[in-house]
Amino acid sequence: MTSAARARRYDGRKTRAAVLAQLDHVRAAVRALTPEQFALPTRLGEWTVRELVAHLSMATGSVARGLELPPPARAEATPAQWPHASATFAASVDDRTRALAAAHDPVELLERTAEEFARVVEEDPAERVVAVRPAAMRLVDVLATRCVELVVHTDDLAAALGTEIPYDRQALATATRLLADALAAAAPGGSVEVRVPPFAVVQCVEGPRHTRGTPPNVVETDPLTWIRLATGRTSWSEARDAAKVTASGERADIGGYLPILS
């Protein structure tokens, strides 16, 4: 269990491997797409599958771009703080994504990006600090945010194509934990316990803190439903109506704190 006061530590080797593994799943899916499939709409506003794939390249390639810059003296942001800053850059991300999609073949761009990532990101990221948005972060923590990007957009891609794309277990676990920690940071407290088995348990929301026995306010769901809730792909009421989430206790309605990343 984590809290805002005790930031989660990610394993550098495992997190790097998770990024590469999820990238491989996406690459396998993208290689087989036809021009008609690249033109399909997605649930991301006006983006087609072509823009979505370009965005995946941009999000992953940002690690290499950051490593080209002089390393900052210290990290200024944690993974749990990263989701809340994303909306600030939405317009520029959209512009850059559209420009990439227009200028490059999406398959070739994704292949080059994956090869570059494997080449420039050390197998053990150690304590390297990288200049990224919204603020300097440890490289291993940046890789954790890339797991979120890859898992969330793998789900978007699968939904657009009407197919299934595999999830690397470590990438899914990292995305689940980071978004759970972000909820705990956004709604600090100990009155509600959010369980996302088998990957995450956090306490959040102001009120009486639970210390032993069965918590009076419990929310429980599966990893993919949690990720969809945390990123606005599904709403709290939709998940409750579909019996994808259970919530017990008078403080267990956390819908007002969602989404965390949009």
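Within the 4.5 Å cutoff, the side chain of Arg228 has no heavy atoms near those of the Lys244 side chain. Put simply, the side chain of Pro41 does not reach to within 4.5 Å of the side chain of Thr48, judged on heavy atoms. The side-chain heavy atoms of Glu206 and Pro188, taken from C-beta on, include no pair separated by under 4.5 Å. Looking at heavy atoms from C-beta onward, Leu40 lies in side-chain contact with Leu161 at the 4.5 angstrom threshold. A 4.5 Å side-chain heavy-atom check between Trp236 and Ile254 finds at least one atom pair inside the cut-off. Side-chain contact between Val63 and Leu139 is present, with at least one heavy-atom pair separated by less than 4.5 Å. Side-chain contact between Thr113 and Glu111 is absent, with no heavy-atom pair separated by less than 4.5 Å. The side-chain heavy atoms of Arg43 and Asp156, taken from C-beta on, include a pair separated by under 4.5 Å.
Remark: the backbone N or O of Ala200 is not paired with any side-chain donor or acceptor of Arg195 at under 3.5 angstrom. Panel note: side chain Glu108, backbone Asp105; no donor-acceptor pair is recorded below 3.5 Å. In terms of modelled atom types and a separation under 3.5 Å, the side chain of His84 and the main chain of Ala182 share a donor-acceptor contact. A distance-only check finds a donor-acceptor pair linking the side chain of Ser191 to the backbone of Val205 [under 3.5 Å]. With hydrogens and angles disregarded, a donor-acceptor distance shorter than 3.5 Å links the side chain of Asn217 to the backbone of Arg251.
The hydrophobic clustering, which links ILVMFWY residues whose side-chain heavy atoms are closer than 4.5 Å, places Leu178 and Val202 together. Phe117 is connected to Val120 through a chain of hydrophobic side-chain contacts under 4.5 Å among Ile, Leu, Val, Met, Phe, Trp and Tyr, so both are in one cluster. Hydrophobic clustering, with ILVMFWY side chains joined whenever heavy atoms are under 4.5 angstrom apart, keeps Val152 apart from Val142. Under a hydrophobic clustering in which Ile, Leu, Val, Met, Phe, Trp and Tyr are joined whenever their side-chain heavy atoms come within less than 4.5 Å, directly or via other members, Phe199 and Val19 fall into different clusters. By the rule that hydrophobic residues join a cluster once side-chain heavy atoms approach within less than 4.5 Å of another member, Tyr10 and Val121 end up as members of separate clusters.
Residues forming a ring-ring contact (aromatic ring centres under 6.0 Å, His included) with His153 (at least two apart in sequence, or on another chain): His55. Applying the salt bridge (charged side-chain N to carboxylate O under 4.0 Å, His left out) rule to Arg133 yields no partners; only residues at least two apart in sequence or on another chain are considered.
The two residues Trp82 and Arg146 come nearest to each other via the heavy atoms CZ2-NH2, 3.5 Å. Across Ala247 and Val219, no two heavy atoms sit closer than the pair CB-CG2, 4.3 Å. Of all heavy-atom pairs spanning Ala21 and Asp168, the tightest one is CB-OD1, 3.4 Å. Considering all non-hydrogen atoms of both residues, Pro259 and Thr231 come closest at CB-C, 3.8 Å. In terms of heavy atoms, Thr42 sits closest to Val49 at CG2-N, 3.6 Å. Across all non-hydrogen atoms, the minimal contact from Val140 to Thr15 is O-CG2, 4.2 Å.
The OG atom of Ser235 sits 7.5 Å away from the CG atom of Asp241 when rounded to the nearest 0.5 Å. The distance from atom CG of Leu172 to atom CH2 of Trp226, rounded to the nearest 0.5 Å, is 13.5 Å. Tyr167 OH to Ile227 CD1: the interatomic distance, rounded to the nearest 0.5 Å, is 7.5 Å. Distance check, rounded to the nearest 0.5 Å: CG of Leu52 to OG1 of Thr97 gives 9.0 Å. Considering CG of Leu157 and CG of Leu56, their distance stands at 7.0 Å, rounded to 0.5 Å. Rounded to the nearest 0.5 angstrom, Thr174 OG1 and Leu150 CG are separated by 11.0 Å.
More than 12 heavy atoms of other residues, nucleotides or ligands sit less than 6.0 Å from atom CD of Glu76. The environment of CZ in Arg112 is crowded: more than 12 heavy-atom neighbours from other residues, nucleotides or ligands sit within 6.0 Å. Remark: Arg74 CZ is loosely packed, at most 12 non-hydrogen atoms of other residues, nucleotides or ligands lying under 6.0 Å away. Other residues, nucleotides and ligands contribute over 12 non-hydrogen atoms within 6.0 Å of the CD atom of Glu68.
In the hydrophobic clustering, Met58 connects to Phe89, Val93, Leu100, Leu109, either directly or through intervening members, whenever side-chain heavy atoms lie under 4.5 Å apart.
For Asp222 and Thr225, the side-chain atoms include at least one donor-acceptor pair closer than 3.5 Å. No hydrogens or angles considered: a donor-acceptor pair under 3.5 Å links the side chains of Trp47 and Asp94.
A salt bridge links Arg138 and Glu127; the closest N-O separation between the charged side-chain nitrogens and carboxylate oxygens is under 4.0 Å. Between Arg65 and Glu116 a salt bridge is recorded (basic side-chain N to carboxylate O distance below 4.0 Å). Ion pairing between Asp11 and Lys14 fails under the 4.0 Å rule for side-chain N and carboxylate O. Salt-bridge formation is not detected for the pair Asp155/Arg233: no Lys NZ or Arg NE/NH1/NH2 atom is positioned less than 4.0 Å from an Asp or Glu carboxylate oxygen. Here Glu238 does not pair with Arg240 in a salt bridge; the nearest charged N to carboxylate O distance is not below 4.0 Å. With salt bridges taken as basic N to acidic carboxylate O contacts below 4.0 Å, none links Arg16 and Glu122.
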Problem set entry | Check against side-chain hydrogen bond (donor to acceptor under 3.5 Å, both in side chains), Gln22 and Thr154 | CA-CA 8 Å; Gln22 194 59 43; Thr154 294; 3.2 Å; yes

Exercise. Would Val196 and Glu220 count as a side-chain contact (heavy atoms from CB on, under 4.5 Å) if you check the C-alpha gap in whole Å, the side-chain angles of each, and the deciding distance to 0.1 Å?
Worked result: CA-CA 6 Å; Val196 192; Glu220 185 165 332; over 6 Å; no

For this session: Show your reasoning for whether salt bridge (Lys or Arg N to Asp or Glu O under 4.0 Å) applies to Arg13 and Glu123.
Result: CA-CA 6 Å; Arg13 289 179 181 273; Glu123 289 193 14; 3.8 Å; yes

